[in-house]
Structure formats: C-alpha cells, structure tokens
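As structure tokens, the structure follows; a few thoughts come after it.
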Amino acid sequence: MKYRLLFPALLSAFVLIGQTTQSTIDQIYQEALSSSPVYPNLEYLCKKIGNRLSGSPAAAAAVAYTRQLMIDYGFDTVFLQPVMVPHWERGNKEIVRITQSNAGQMDLKALALGNSIGTGPNGIRAQVIEVSGMDEVEKQKDKLKGKIVFFNGPMEPANYHTFQAYGNAVIQRAYGASEAAKYGALAVIIRSMTQALDDEPHTGSLRYKPNMPQIPAVAISTRDADRLSQQLKHTKPVEIYIETHCRMLEPVQSYNVIGQLNGSEHPDSYLSVGGHLDSWDVGEGAHDDGAGCMQGIEALRLLRTLGLAPRHTIRAVMWINEENGGAGGTAYAQQALQNGEKHVAAIESDRGGFLPIGFTSTGTDEQKARLAAWREYFLPWGLHSFDLPGGGADIGPLAQQGTFLIGLLPDGQRYFRYHHTAADVFETVDRRELELGAASMAALLYLIDQESW
Ligand SMILES: [Zn+2]
C-alpha cells in the first residue's frame, strides 16, 4: 500500500513498516478522537462570532477567523476568493397575531423567511385560508384574493429519510409566496420545516418568481401551526395581523475562504472539502453549518499532522452564502473552470455535526463503485451507508466539470429539530460525533488521493 510522508524525518521509521491502508485510516480516526481542536474551534465560531448571515459583520468576522486558523495550521496556501452576496436583514421582531378567533387573541411564534420583503410598520391584517400544500393553491385559487394563505403541509413524520421529507415539503417555503401572490394573496404563513412538534419557528429562504407580485412570508412553529389549523376548523373567519420589518439591502463584497495542501504529483488536480460559512441570523449556526466548516479545516489538519502529504492538491473550502443565494458555490465552480482547475472530487459536510454513518454521492457508475469499495475501511468506525444519492448545495455547481460529488452522511434524525432555528447552538453538538465526522472526511480524502483519476 502506498503512503507518503511530508516530514519523513519527524516520524520514526518503524511506523511505516507494515503500514496498511487500514492502519492509516485507523490512525486518522485515533488522532481525531484523542487530540483534535475541531470542537473548541467550533465553540469559538459559535460563541465569539455567533450567527453570520451573508453580508453581516459577523460573516466578515468568520471569514477572517477561518482564514487565520488555516494560516496558523501552516497550510501551504490560504486565500480569499471574492464573491458578491445578497444582504438581507430581519430588522425588529416579527409579530404574527391571531386577532379574531373563538379563542380570542393569540401571538404565534414566528420568523420572517429569508429574502422576504417586510410588511412595513402598519402591518397586514386579513382573513386566513389554509392550504395543505402547493397543489391545493390551484384548487382554492378563487378564494385567495385579499387573504393570508397558510401553508400547513407537514414534513412527513413517517419518512425515515428526513432530508427526503424536507425536500418534499420545503417547496412551500421556497415558492409558496409567489404561488399565492399569483392569485392575489396579501401574505403567506408557512408551517415550519420540521417533524418535531414544538414552539421553535424555522426560518429559511424563499425565492420570488420573476414577474410575480412580492408578498411577505413568515414561518410559525409546528405547535402554533396546529393551533391555527384548529381555530380555522372552529371559527370563521379567523383573522391574523402580521408585522415584519425585514428588507433586502444592496449586495455586499464577501469571500469564499480557501486553504490548501499542495499536491506532490498532481498539483493541478484538486480535491475540495468543507461546508458553508454563512448561517441564518438566529441561533449560532452550529450544526448548519459551522460543524461542516470546522470539519473541513480539521480534515486537512489531520492529514498534515499525520504526515500524509497529498499527491493531488487538497483544499478546505468555506463557501459563503449557501443559505440565501448560493453565490459562493456558484463562484467557486466558475473560478475552477476559468482557471482550468480540474476537480476530481468534492466532499461537503452540511447535514449537521451528528454521528457519521456513511457518505452520499453523485457521479458516474465507476466513481460510485470506487466509493462503495472503500466501505470496508470505514466499517470499524461505524460508517456503513455508501449507496444513497446526494452531495451538497455548494459543491453541486462542480458537476458541470464531472467532479465526483460526495456528502458526509451523519445520522439525520435530530437535524431538523435545530435547522434554521434559535436552537442551533454549540451545546447541541457532541464532541466525539463532530470529531468522527472530521476523521471520516480526512480518511476519504486520503483514499481518493491514493488513486489515479
Ligand atoms: Zn446548511
């Protein structure tokens, strides 16, 4: 089996005797579980910098922090890649209030959706009409004019694959506003994207369709969505008052943050690994996606610390603006194409810092067969799922050059309790689970790097 050493003199010779691929993989995990700084690094990002929506001062601070961290680790090259990002601000706290119902007045726990326009200081007061999903808008189109449309389609609770359930329901959040506006609605309320029944509203981005009126949009907690739905069954009409102060400002100069270990044999072929540096403006962006960023940096640190000098150039990338635009991922792929940087593979961690159970992927049959063949190296470390399709939002644009796209797959049962909420804080991340995810990506980078592509 092949091995390569960055500082041969620093390692005792007998370490190399009998070095198998499995023992190298095991060393990566052992190093991560015994002396990794990934957890305190995430703590710094969450507690000292905090949430970091694109265009915010905190996002700029996160750019500076991760750049310096990679310089301190002695990566060969660390640089910023300019990206213009949208700048949306929430403004003062939202009000979403049932003003007329059998149960009297009731304030609902709400967050404006990212990219939404605000109602202005006078708010919007109107009768509410409930729909079970996008399909029902068309059926009820004659009743929507002048109303607030309440999208109450749940994330299917019985679906084990939580990201699939999310994918099926999130269309309401993304396009519900434009769909309702088409028929004269004044605003929309969305049931939060979670299978949990609790009081936590989940924000997230919407996309206004071109040539359609833009109307305000908010998400309410699932418990409040059930309450509102109950009221609508017993009271006619139910009226709601919505007041939001969010607005879209001028675009801001921001950056993807990139650190790399130069390849010894194929310096012009790249493997990229990382997550997105921006987060929503509530909570601390711990699972989404501080964890993925810190794991990406840690993957390179692990390889370097263990003297596993890469044959291909390996990059840790902190993509900016995944949450409300995707500008970082788009710019990265464009630059790669322009600079003739052949990206062999890219690995993204954007499903939270939970216990890793495998990898998802998108690529050719041959690429996927190679990934599946490595499963045996990971079984001792608890990873077993290597066949599901996937990748990541930020690496997706690299598909145009045939890059093998891979997503770290952690256990997904708890992710949507925290996703896009005030509850996505550092304390909800487990140290060992975070370390195992970083080690998994480092181990996979090592395996990819050993082969010719
Ligand atoms: Zn994310």
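Note that the structure is predicted; figures quoted are calculated from it, not measured. One-based numbering, in listed order, for ligands and for the atoms of each.
Among the backbone and side-chain atoms of H276, an N, O or S atom lies under 2.8 Å from the Zn ion (ligand 1). At a cut-off of 2.8 Å, D350 coordinates the Zn ion (ligand 1) through an N, O or S atom. E323 lies apart from the Zn ion (ligand 1) in this respect, since none of its N, O or S atoms is found at a distance under 2.8 Å.
Among pairs with a residue in residues 331-354, those fulfilling salt bridge (charged side-chain N to carboxylate O under 4.0 Å, His left out) read R315-E341, at least two apart in sequence or across chains.
Residues that satisfy the ring-ring contact (aromatic ring centres under 6.0 Å, His included) test with Y65, not counting sequence neighbours, are Y44.
With ring centers used as reference points, Y332 lies under 6.0 Å from H343.
The N, O or S atom of D288 with the smallest distance to the Zn ion (ligand 1) is OD1.
M441 and G296 make their closest contact through CE-N, 3.8 Å (heavy atoms, listed as atom of the first residue, atom of the second, distance).
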